[in-house]
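Working notes, beginning with the structure itself.
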Amino acid sequence: LVIHNEQNTGDIIQLCLTDLTGWKVQLANSLLEGLQQVKLYPVDAIILDICFCENEVFLMAKKLRIQPETESIPILLPTMRSTWFDWQLLQQYQVQIVVVNPFDLRQLPVKIAKVLGWNSEQLSVTSNQ
């Protein structure tokens, strides 16, 4: 599930993950919509875009961690920089950072698979593409 409050960027991330990997990717355009979708559809991971303010990201993570059906779903924050994060809160809510620098959408699925412990070698994405 990709949660992003900018429609075009969310669409680009969804298309990238779908086209490059064949993953089934749901898109939510708000945190509230994301909370509703994660209750309706089983997801392997939640990708929260950091266009939301820091407090909204942590509030969302907190809500996900206190609900039994979502408490163990990995939460990922893709970013080009990781300097603004409150690392203590990230650890508390078990949020993992996916640092993509420079932001190369072809490498995003590889980085996500690596953070999730999935076999990224099976992806058709390579750094030479």
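We use all heavy atoms of the structure for the numbers below, so side chains are in, but hydrogens, waters and symmetry mates are not.
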Side-chain donor/acceptor pairs under 3.5 Å, residues 38-47, sequence neighbours excluded:
none

So, using side chain to side chain donor-acceptor pair (under 3.5 Å) as the criterion, who are the partners of Asp11 when residues are at least two apart?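 Side chain to side chain donor-acceptor pair (under 3.5 Å) check on Asp11 returns Gln7.
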Checking Gln37 now: which residues fulfil side chain to side chain donor-acceptor pair (under 3.5 Å) with it, not counting sequence neighbours?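 Checked Gln37 against side chain to side chain donor-acceptor pair (under 3.5 Å); matches are Glu33.
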List, by chain and then residue number, the residues other than Leu15 in its hydrophobic cluster (Ile/Leu/Val/Met/Phe/Trp/Tyr, side-chain heavy atoms under 4.5 Å); write none if there are no others.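 Its cluster partners, ordered by chain and number, are none at all.
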Should side-chain heavy atoms under 4.5 Å link Ile, Leu, Val, Met, Phe, Trp and Tyr, which residues sit in the same cluster as Ile66?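 In the cluster with Ile66 there is nothing else; it is isolated.
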Taking all atoms of both residues into account, what is the closest heavy-atom pair of [X] and [Y], and its distance?
X: Thr21; Y: Pro109; value: CG2-CB, 3.3 Å
X: Gln14; Y: Val25; value: NE2-O, 2.7 Å
X: Ile3; Y: Ser30; value: CG2-O, 3.5 Å

Could you work out, with side-chain contact (heavy atoms from CB on, under 4.5 Å) as the rule, every residue matching Ile12, not counting sequence neighbours?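 side-chain contact (heavy atoms from CB on, under 4.5 Å) list for Ile12, sorted by chain: Leu105.
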Ile13 and Leu116: same hydrophobic cluster, using ILVMFWY side-chain contacts below 4.5 Å?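 Shared cluster, yes.
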Gap between atom [atom2] of [Y] and atom [atom1] of [X] - 0.5 Å precision:
X: Leu31; Y: Gln36; atom1: CG; atom2: CD; answer: 11.5 Å
X: Ile73; Y: Leu1; atom1: CD1; atom2: CG; answer: 8.5 Å
X: Lys114; Y: Gln107; atom1: NZ; atom2: CD; answer: 10.0 Å

Leu48 vs Met60, side-chain contact (heavy atoms from CB on, under 4.5 Å): CA-CA, chis, key distance, verdict: CA-CA 9 Å; Leu48 281 176; Met60 176 70 165; 4.0 Å; yes
side-chain contact (heavy atoms from CB on, under 4.5 Å) for Leu35 and Gln67? Distances and angles first, verdict last. CA-CA 10 Å; Leu35 279 172; Gln67 298 177 29; 4.3 Å; yes
